[in-house]
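Scroll down for the structure; my scribbles are underneath it.
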Amino acid sequence: MAIRIYVPCDTTALSLGADEVARQIQQAADDRGQSITLVRNGSRGLCWLEPLVEVDTGQGRIAYGPVEPDDVSALIEAGLLEARRDHESCLGNIEDHPYLKRQQRLTFARIGLTDPLSIDDYRDHGGFQGLARAVELSGQAIVDQVKESGLRGRGGAAFPTSIKWQTVLDQPDDQQKYIVCNADEGDSGSFADRLVMECDPYLLIEGMVIAGLAVGADQGFIYLREEYPVAHRILDEAIARAEAEGYLGADVRGTGQSFYLEVRLAAGAYICGEETSLLESLEGKRGLVRAKPPLPAIHGLFGQPTIVNNVLSLATVPFILAQGASAYADVGMGRSRGTLPIQLAGNIRQGGLIELGFGVTLREILEDFGSGTLSGRPMKAVQVGGPLMAYLPESQWDTPMDYEAFAGLGAGIGHGGVVVFDDTVDMGAQARFAMEFCAVESCGKCTPCRIGSVRGVEVIDRIRAGERPEENLALLEDLCETMVDGSLCAMGGMTPFPVQSVMKHFPDDLTG
Amino acid sequence: MATPTEYPLPTEGAEGEWNEDSIRQEVNALRHKPGALLPILHAIQDRIGYIPEGAVAVIAEALQQTRAEIHGVISFYHHFRTRPAGTHVLQICRAEACQSMGCRALESHIQQRLGIGFHQTTHDREFTLEPVYCLGNCACAPSIRLDDRILGRMTPEKFDLLAEQLTTSTLEVQ
C-alpha cells in the first residue's frame with residue numbers, strides 16, 4: 001500500500017510552517033517517484049512537537065517532531081518516507097508517547113487521528129453515535145443524561161449544563177428557541193475550543209444538534225472569535241458537508257426535526273465571551289452586558305429561550321449520549337465530574353492539550369507533563385483560568401484541579417488554561433496588566449469596571465513609583481473590593497483577582 | 001525606515017474604492033438575516049478594507065436604524081476600522097501567555113523596525129500595526145498575525161526576515 005503521511009492543519013502547526021512542510025514532503029516523494037497519500041490531519045495537541053509529522057506504513061504511525069520547513073530535506077535523507085527511526089526527531093509510535101498515554105481523552109479521543117473535514121473519518125472513529133442514541137430518546141431523556149453526567153459549563157463558570165437545558169426545555173414549545181455556542185475563546189492560555197473546531201468540527205456540530213433535539217430548538221449559532229481564521233474556514237466547510245449528508249437542515253437524520261446552524265463572526269471584543277454580551281452582539285448591537293435576570297434560558301437571543309454553552313460543554317455531550325452518563329460521571333472528583341481539558345501554555349517546555357479526570361494536581365501538570373520552563377529557569381507563578389484569575393505561587397501548586405478546591409484558594413479553573421511564568425517575571429507588571437486589559441476591554445456599562453480599571457492602573461503606577469505606597473496599597477485594596485462587589489459581570493468582578501493574588505503572594509514585586 | 005502617519009490618504013486600487021452601490025450590494029445580500037449588522041460590517045470591511053463613513057447612512061436606512069446606532073456598533077468593536085489600513089495588517093499578541101515568552105521585547109522590536117506604534121500605518125502603507133489579546137496559539141508563544149496567517153514562536157530575527165521577504169516580494173510584483 002502507499003504509505004500515508006500526516007501533516008496537521010491546525011493553527012499551531014500552520015503557524016510553524018506546516019503547509020510548507022507538507023509541500024516539501026510531497027515534492028520529495030514525487031522527485032523519488034514514490035507514491036504517498038498525504039493527509040492533513042488535526043493536531044494531537046502536543047503543541048511543542050508541532051509540526052508533528054506522522055508516517056503510517058501499516059505498522060502504526062511513526063512520528064517526527066518538531067518538523068519545521070528547514071528540517072524536511074534532512075529528514076527525507078534520513079529516511080522519513082520509509083519511517084526509519086534513527087533520526088533524532090523521531091518519536092517512535094506516537095500512540096505510545098507518554099504525554100498521550102497518561103491522558104484520559106474522552107472529549108478529545110479523535111483529535112489528530114483524522115482528517116477534520118472527512119465525515120467518513122468521523123463516523124469510522126465513533127462519530128455521530130451520540131446523535132444516533134439521541135434520536136431514539138425524548139427531549140427529557142436527553143436532558144436527564146446530561147444531568148446524570150454531572151457536566152458543568154466548561155467555559156469558566158462551571159454552572160451545571162443540564163439546568164440551562166432543562167430551563168429551555170420547560171419553556172412552551174410554540175416559540176422559537178435557540179442553541180448558541182460560545183466560541184469566543186478569549187482567555188490567554190486557552191486553545192481547547194480552537195482544537196475542537198479545527199481538529200474535530202463534527203463533534204461540536206453533533207453536540208449542538210443533540211442540544212437542539214433535546215429542547216426543541218431548530219436554529220443554532222456558533223459565535224466565533226475573529227482571531228480564529230482557520231477555525232472559521234474549517235467550520236464553514238464542515239457545516240456545508242454535514243448539511244449535505246442530512247446531519248443538519250430540514251430533516252435531521254429522518255427525525256422530521258430541523259436544525260440549522262450558522263457561524264457568526266465576532267469582531268474582537270473580549271467582553272463578548274460573557275454570555276449576555278454575546279447575545280447582544282449576535283443581535284447586531286454593541287456588546288453591552290445585560291443584567292440577569294431575566295436568564296438567557298428564558299429570555300435570551302431576540303428575547304427567546306436560548307441555551308448558551310461553551311464549545312467544550314457541547315463537545316462533551318456526544319460522548320455522554322454514546323457511552324452513557326455514568327461513563328462520564330465515573331471520572332473526576334467531588335462535584336467536578338468527568339474530564340478537564342487542560343491547556344498548558346506560556347513559558348513551558350512541553351505545552352499542549354492534556355485531558356484528564358478532575359483531581360490531578362497542578363504540580364503534576366507542570367512537572368510531569370510540562371517538564372519545567374522552556375527558558376530553563378525556575379518557575380515563579382502560574383495563572384490558571386485566564387486573565388481574570390489569580391496568579392498562584394509555588395505553595396499552591398499541590399492543589400488538585402477541582403472547581404471547589406480552586407475556589408477555596410480564591411482562585412479558579414476557568415476554562416482550564418494554565419500559563420507558566422519563570423523567575424524573570426515582574427508580578428507588579430502583571431497586576432498592572434490585569435487592570436489595563438480590563439480598561440481596554442470593559443463594555444463600559446457599569447462604573448466599577450469602566451472607571452475602576454482605569455483608576456486601578458493609575459494607583460498601581462503610583463505604588464510602583466514609590467508614591468505613598470501604604471496609602472495607595474490601601475486604596476488599591478478598597479478599589480478591588482468595590483469592583484468585585486459592584487460590577488455587573490465577571491469582567492469587572494474578577495479583574496481584581498490577579499491583582500489581589502499579586503498583593504498577597506508577590507508583594508515585593510508590586511512595591512519593588 | 002518609514003515614518004508613521006496617523007491620517008493616511010485612501011489607497012489607490014481596487015481595495016479602498018467604493019461607492020454606495022457596492023455598499024448596497026453587501027447590505028442587500030445579508031439584511032434578511034436576524035441580527036444582520038455584524039455580518040454586514042464584516043462583508044463591507046472584507047470587500048473594501050475598512051468601513052467608510054458614507055456606508056453608515058446606507059446601512060442605517062436598510063436596517064431601519066439610526067446612523068448613531070450603526071456608528072455605535074462600529075466603534076464598539078476593535079476589529080472594525082473606519083480608515084484604510086496598509087497592505088498588511090500585523091497584529092502582535094499582548095496577552096499573558098505571550099508575555100511569559102517575551103512578547104513585550106518583540107513588540108518593541110517590531111515597533112522600532114517599522115517605525116510606528118499601535119494603530120498606525122507605515123508611511124509606505126505596507127503595514128498597519130494592531131495589538132491583539134490572544135490568538136489561541138499559547139503553547140507556541142509569542143505569536144503574531146499577519147493578515148490571516150498566524151505565526152508562532154516568533155523572534156525579532158524571524159520577524160526581520162519576514163518583513164524583508166514581504167517588502168521584496170511587493171517590489172517584484174510592481
Side-chain angles (χ1 to χ4, degrees), chain A residues 11-12 14-16 47-48 50 185-191 193-194 225-231 262 264-270 272 281-288 301-302 343-348 351-353 374-375 383 386-387 417 419-422 425 429-430 433 437 440-441 443, chain B residues 30-31 33-43 45-46 59 63 65 69-81 91 93-104 130-154 158:
Chain A
T11 292
T12 295
L14 293 175
S15 82
L16 298 162
C47 299
W48 85 100
E50 294 293 356
E185 184 176 48
D187 290 351
S188 178
S190 299
F191 48 85
D193 293 353
R194 177 179 66 69
R225 62 200 304 255
E226 190 278 331
E227 292 84 348
Y228 283 1
V230 177
E262 187 183 332
R264 282 291 176 92
L265 208 55
Y270 176 80
C272 291
S281 184
L282 266 180
E283 291 182 7
K285 302 173 188 161
R286 293 164 71 90
L288 295 186
L301 185 61
F302 302 111
Q343 302 120 80
L344 185 55
N347 193 336
I348 191 83
L353 178 88
L374 185 61
S375 60
Q383 189 176 34
V419 178
V420 179
F421 293 80
D422 74 11
V425 67
Q430 297 309 118
F433 177 76
F437 182 66
V440 173
E441 297 294 343
C443 82
Chain B
L30 293 165
R31 60 188 288 183
K33 283 179 179 283
L37 184 51
L38 260 67
I40 287 172
L41 295 175
H42 275 295
Q45 183 157 307
D46 286 350
I59 301 168
L63 298 186
Q65 288 183 273
E69 282 171 314
I70 308 300
H71 173 78
V73 171
I74 295 170
S75 64
F76 183 84
Y77 296 95
H78 301 303
H79 176 70
F80 297 127
R81 58 177 73 253
Q91 293 182 319
C93 180
R94 302 192 76 233
E96 287 86 349
C98 286
Q99 289 167 17
S100 76
M101 287 301 295
C103 74
R104 289 291 188 264
E130 299 285 353
V132 68
Y133 296 92
C134 199
L135 294 164
N137 198 28
C138 315
C140 294
S143 296
I144 64 171
R145 176 177 173 184
L146 180 72
D147 305 319
D148 267 356
R149 278 166 68 202
I150 288 152
L151 302 164
R153 291 187 198 136
M154 190 45 59
K158 278 194 197 171

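Chain naming here is simple, since letters A, B, ... match the order of the sequence lines and numbering starts at 1 in each. All values below come from the heavy atoms of this structure, side chains included, with hydrogens, waters and symmetry mates left out.
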Name the region of [X], side chain, backbone, both or neither, that has any atom closer than 4.5 Å to a heavy atom of chain A.
X	value
B/Val73	both
B/Arg94	both
B/Pro34	both

Heavy-atom closest pair, residues [X] and [Y]:
X	Y	result
A/Ala267	B/His42	CB-NE2, 4.1 Å
B/Ala139	A/Gly352	CB-N, 4.0 Å
A/Ser190	B/Cys138	N-SG, 4.0 Å

Which of the residues [options] is involved in the greatest number of heavy-atom pairs with chain B at under 4.5 angstrom?
options	result
A/Ser15, A/Pro229, A/Ala231	A/Ser15
A/Gly346, A/Ala266, A/Ala429	A/Gly346
A/Val425, A/Val230, A/Val440	A/Val440
A/Arg194, A/Glu185, A/Glu226, A/Glu283	A/Glu226
A/Asp193, A/Thr12, A/Val420	A/Thr12

Rounded to the nearest 0.5 Å, what separates atom [atom1] in [X] from atom [atom2] in [Y]?
X	Y	atom1	atom2	result
A/Thr11	B/Leu151	OG1	CG	11.0 Å
B/Asn137	A/Tyr228	CG	OH	9.0 Å
A/Asn347	B/Glu96	CG	CD	14.5 Å

**OP:** Please determine, by modelled atom types, if A/Glu441 and B/His78 share a side-chain donor-acceptor pair under 3.5 angstrom.
**Re:** yes
Original post:
In terms of heavy-atom pairs under 4.5 Å, which option from B/Pro131, B/Pro142, B/Cys140 contacts chain A the most?
Top reply: B/Cys140
**OP:** Quick one: do A/Gln383 and B/Gln99 satisfy side chain to side chain contact (heavy atoms under 4.5 Å, CB included)? Show the steps, please.
**Re:** CA-CA 12 Å; A/Gln383 189 176 34; B/Gln99 289 167 17; over 6 Å; no
Check whether any side-chain heavy atom of [X] sits under 4.5 Å from a side-chain heavy atom of [Y], and report yes or no.
X	Y	answer
B/Tyr77	A/Cys272	yes
B/Ser100	A/Ile348	no
A/Lys285	B/Glu69	no
B/Phe76	A/Cys443	yes
A/Ser281	B/Leu38	yes
B/Cys93	A/Glu227	no
A/Tyr270	B/Tyr133	no

Chain B heavy atoms under 4.5 Å from [X]: which part of the residue, side chain, backbone, both or neither?
X	value
A/Asp187	backbone
A/Leu282	backbone
A/Leu353	neither

**OP:** In sequence, state the C-alpha distance, the side-chain angles, and the governing distance for B/Arg153 and A/Glu50, and then conclude on salt bridge (charged side-chain N to carboxylate O under 4.0 Å, His left out).
**Re:** CA-CA 11 Å; B/Arg153 291 187 198 136; A/Glu50 294 293 356; over 6 Å; no
Subject >> Side-chain donor or acceptor of B/His79 paired with backbone N/O of A/Ala269 under 3.5 Å >> reply: no
Subject >> Heavy-atom donor-acceptor pair, A/Ser188 side chain to B/Ala97 backbone, under 3.5 Å >> reply: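 Such a contact is found between A/Ser188 side chain and B/Ala97 backbone.
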**OP:** Step through the shown structure and confirm whether more than 12 heavy atoms of other residues, nucleotides or ligands are within 6.0 Å of CZ on B/Arg149.
**Re:**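 At most 12 heavy atoms, drawn from other residues, nucleotides or ligands, come within 6.0 Å of this atom.
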